[in-house]
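In the text below, chain A, chain B and the rest are named by the order of the sequence lines, each starting its count at 1.
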Amino acid sequence: MSLSLFDSKSQSLRSFEPIVAGQVGIYLCGPTVQGLPHVGHLRSALVYDQLRRWLEAKGLAVTLVRNITDIDDKVLENAKATGEQWWALAYRFEQEFNRVYQVVGIAAPTYEPRATGAIPEMIALIQKLIERGFAYQADDGSANVYFAAGKWANYGELTNQRIDDMADDADAESRGKRAPHDFALWKAHKVGDADSAAWNTPFGLGRPGWHIECSAMATKYLGSKFDIHGGGLDLRFPHHENELAQSGAAGDEFANFWLHNGLVNVAGQKMSKSLGNSIFAADLLALARPAAVRYYLGSAHYRSVLDYHEGVLDEATAALGRIETFLARADRAGAKIAIGNSLLAAVPAAFIAAMDADLAVPTALAVLHDTVRDGNSAIDLANLSDVSAAATSVRAMLAVLGIDLDMAEAPTSGNEQALDQLIQGLISERNAARAAKDFARSDAIRDQLKAAGITLEDAAESTYWSVN
RNA sequence: GGUGGAGUGGCUGAGCGGCCCAAAGCAACAGCCUGCAAAGCUGUAAACCCACGGGUUCAAAUCCCGUCUCCACCUCCA
């Protein structure tokens, strides 16, 4: 295993070795389903989809668990605003998340647990923490239970911070906390909150704090020690720090590697509700086809900030078009795609090196484009074996990256056949005009098709058409 | 106040001690091809010294020190 990954906890590139040979357990903090998925959600999910595909290409059996946070303050708040049941709202958005994930080719996780499905495990974990002296029920007698950050000597180890240096939580005392940096494990039910949003527990009626769910679910499905924990950079603190503290205090070794993906800026600015500059997944998908959206999201390294602005999807579409044109030309040239049962064996060494270097997808894309150029040259030289090799290689790289070009093969539907027949008629007419040197007529036909969004390409042996 | 990240061509964006007189894509220009295009290939220009100023080294975009600017996180956040 020559894969290196940047581990946020040690802040260094570490060689990745699975805890159990041949298997990888990954836990991802999935979305809080309180609203529509935006470009940031898509990017995060995509990063780990690429990681998973790469691990699988390398022959590892990946167990990917990505949770759904279906209860929290925002879910309850937003449901009050829309007049829905909180669980109906959460489920509605959960489905929308899964819809857009599916559209851009993010494979479904091995399992997708909901926070509300792990309440008994959370209660058990909280009780364990109370027994061990790392958690306490609020001094005001409410059902609030807090984690005593100061009691856990390693608190701050994930983000390299010391409690004394952290900014204070202003209203800590009013909620029965003993220290400002203690955080909620269990939140007491409040008057006005839906009855369905409360569970009866040894601490009283209430609902889970934000962090406890991930500790409970990660260990429930992956064990007390697992390979990789991932999520957005914004989750590093407090969410992941608190998860680590809870699980560590409960005696779990927890994640071997911590991965954090960079966020998405919009025209250089942070995306936020208050700025009103959010780009939703549906916005992207309305502007470009899924493969282009996926290409764009992978155009910057996963730990870098990815900027979204006007034109980025057009660039991605153009880059993709180049790859597509090559594959179409190779196909016409008679290239044989021969990917065996190992994608890894069909992919260039430079591509493997890039992916192994902390998942350097932009570098991997450069290798892909180099291969396209070499393949195009081979077509011009009529070197069929090189063409086949390049096309095979390109197909394999696309497969590893999960980019599904969904290229038009021979027309299949009735509509496509009808269109093809019409255009073939015009192409014949144009070629007849060209043969007769009636270029006014031939250009008029080409312009007519162009106005309809159809581009003609005169290859040596025939004329091909494609819809822009 | 604390913690972390970034500043590379017209744009996006890799590289993070010698293979860098800096990848790849987009955009531009020229040549080949074409009746003309498109597509493709080739080439060119584009980063004056890779934010700025010092330093270490035989060698620095890459390491160190300082400065400037920007961004993120510090209990809502992918």
(message) If I pick the C1' atom on B/A45 and the same atom on B/A27, what distance separates them, to the nearest angstrom?
(response) 13 Å

(message) I'd like the C1' distance from B/G10 over to B/G40, given in whole Å.
(response) 25 Å

(message) Determine whether A/L129 and A/V145 satisfy the following criterion, side-chain contact (heavy atoms from CB on, under 4.5 Å), listing intermediate values before the conclusion.
(response) CA-CA 10 Å; A/L129 290 170; A/V145 181; over 6 Å; no

(request) Could you tell me whether A/R294 and A/D49 have a side-chain N and a carboxylate O separated by less than 4.0 Å? (result) yes

(request) Describe the nucleic acid contact of A/V264 in one word from base, sugar-phosphate, nothing, applying a heavy-atom distance below 4.0 Å. (result) base

(request) Please confirm whether A/R66 makes a cation-pi placement over A/Y48, using NZ or CZ under 6.0 Å from the six-membered ring centre and within 45° of the ring normal. (result) no

(request) Pull out every residue in residues 365-383 of chain A that has a heavy atom closer than 4.0 Å to any atom of RNA chain B, ordered by number, or say none. (result) A/A366, A/H369, A/D370, A/R373, A/N376, A/S377, A/D380

(request) Write down the distance separating the C1' atoms in B/G18 and B/C73, rounded off to the nearest Å. (result) 37 Å

(request) May I ask you to say what A/Y155 touches in the nucleic acid, namely base, sugar-phosphate or nothing, with a heavy-atom cut-off under 4.0 Å? (result) base

(request) Run the salt-bridge test on A/D72 and A/K187 with the 4.0 Å N-O cut-off and return the result as yes or no. (result) no

(request) Name the closest nucleotide to the A/F439 side chain, picking from B/U75, B/G35, B/A39. (result) B/G35

(request) Let me know, please, whether A/Q11 or A/T363 comes out on the 5' side of the other along RNA chain B by nearest nucleotide. (result) A/Q11

(request) Report yes if some heavy atom in the side chain of A/H369 is under 4.5 Å from a heavy atom in the side chain of A/I323; otherwise report no. (result) yes

(request) Record whether the side chain of A/D443 comes under 3.5 Å of the base of B/G35 through a donor-acceptor pair of N or O atoms. (result) yes

(request) Side chain of A/H38 only, please: which of B/C36, B/A78, B/G35 is the nearest? (result) B/A78

(message) Please determine whether a side-chain nitrogen of the Lys or Arg among A/D458 and A/R430 lies less than 4.0 Å from a carboxylate oxygen of the Asp or Glu.
(response) yes

(request) Quick one: label A/L233 by what it contacts on the DNA or RNA (base, sugar-phosphate, nothing), any heavy atom closer than 4.0 Å. (result) nothing

(message) Measure NE2/A/H239 against P/B/C74 and give the value in whole Å, please.
(response) 13 Å

(request) Please report, rounded to the nearest Å, how far the P atom of B/C76 is from the NZ atom of A/K270. (result) 12 Å

(request) Using the ring of A/F257 (Phe, Tyr or Trp, six-membered ring only), decide whether A/R14 places NZ or CZ under 6.0 Å from its centre and within 45 degrees of its axis. (result) yes

(request) Using whole Å, report how far CG of A/D234 lies from P of B/G4. (result) 18 Å

(message) Is it the case that the side chain of A/S215 and the backbone of A/E243 share a donor-acceptor pair, with hydrogens and angles ignored and the cut-off at 3.5 Å?
(response) yes

(message) With rounding to the closest Å, how many angstrom separate the P atoms on B/C70 and B/U75?
(response) 23 Å

(request) Output yes when a side-chain donor or acceptor of A/D7 lies under 3.5 Å from a complementary backbone atom of A/W258, and no otherwise. (result) yes

(message) Side chain of A/P362, heavy atoms from C-beta onward: which of B/A39, B/G13, B/G4 has the nearest atom to it?
(response) B/G13

(message) Counting only side-chain heavy atoms from C-beta out, which of B/U75, B/A38, B/A78 sits nearest to A/T455?
(response) B/A38

(request) Dot-bracket notation for RNA chain B is requested: 5' to 3', Watson-Crick or G-U wobble pairs only, both distances under 3.5 Å, with ( ), [ ], | and . as defined. (result) ((((((((.[[[..)..(.....]]].(((((.......)))))......[[[[[..)....]]]]])))))))....

(request) May I ask you to list the residues of residues 313-321 of chain A, by number, that have any heavy atom positioned under 4.0 Å from an atom of RNA chain B? (result) A/E315, A/A318, A/A319

(message) Once you apply a heavy-atom cut-off of 4.0 Å, does A/G232 come out as touching a base, just sugar-phosphate, or nothing?
(response) sugar-phosphate

(request) Measure from OH on A/Y295 to P on B/A14 and round the result to the nearest Å. (result) 12 Å

(message) For the P atoms, the ones on B/A23 and on B/U8, what distance do you get once it is rounded to whole angstrom?
(response) 16 Å

(request) Please work out which of the three classes, parallel, tilted or perpendicular, describes the rings of A/F147 and A/Y155, given edges at 30° and 60°. (result) tilted

(request) With P as the reference atom in both, quote the distance from B/C19 to B/A59 in angstrom, rounded to an integer. (result) 14 Å

(request) Check the side chains of A/S466 and A/E457 for a donor-acceptor pair under 3.5 angstrom, ignoring hydrogens and angles. (result) no

(request) Considering only atom C1', compute the distance from B/U67 to B/U57 and round it to an integer number of Å. (result) 23 Å

(message) What is the separation between atom CD on A/E457 and atom P on B/C36, rounded to the nearest whole Å?
(response) 17 Å

(message) Distance check, C1' atoms only: B/U69 and B/A51, in whole angstrom units.
(response) 8 Å

(request) Taking only the side-chain nitrogens and oxygens of A/S304, find out if one of them lies under 4.0 Å from OP1 or OP2 of B/A14. (result) yes

(message) Ignoring hydrogens and geometry beyond distance, is the side chain of A/R446 in donor-acceptor contact with the base of B/A37 at under 3.5 Å?
(response) yes

(request) Round to a whole Å and report the spacing from CD1 of A/I106 to C1' of B/A78. (result) 11 Å

(request) Compare the minimum distances between each of B/A37, B/A14, B/A39 and the side chain of A/R430, then state the nucleotide with the smallest one. (result) B/A37

(request) Mind calculating the distance between CG (A/D307) and C1' (B/G7) to the nearest angstrom? (result) 14 Å

(message) On RNA chain B, compare the nucleotides closest to A/H301 and A/C29; which residue's is nearer the 5' end?
(response) A/H301

(request) Using a heavy-atom cut-off of under 4.0 Å over every strand shown, decide if A/K437 touches base, sugar-phosphate, or nothing. (result) nothing

(request) For ring pair (Phe, Tyr, Trp, His ring centres under 6.0 Å), just list the numbers for A/F226 and A/F254, CA-CA rounded to whole Å, side-chain angles, deciding distance to a tenth of an Å, and then say yes or no. (result) CA-CA 6 Å; A/F226 55 95; A/F254 220 53; 5.1 Å; yes

(message) Main chain of A/I26, side chain of A/D227: is a donor-acceptor contact present, judged purely on distance under 3.5 Å?
(response) no

(request) Ignoring backbone atoms, establish whether A/R322 has a side-chain N or O less than 4.0 Å from OP1 or OP2 of B/C41. (result) yes

(request) I would like to know whether A/R53 and A/V62 meet side-chain contact (heavy atoms from CB on, under 4.5 Å); could you show each step before the answer? (result) CA-CA 9 Å; A/R53 285 170 190 268; A/V62 178; over 6 Å; no

(message) What is the distance, to the nearest angstrom, from the OH atom on A/Y308 to the P atom on B/A78?
(response) 20 Å

(message) Please determine whether a side-chain nitrogen or oxygen atom of A/N261 lies at a distance below 4.0 Å from atom OP1 or OP2 of B/A78.
(response) no

(message) Any carboxylate oxygen within less than 4.0 angstrom of a Lys/Arg side-chain nitrogen, looking at A/R99 and A/E96?
(response) yes

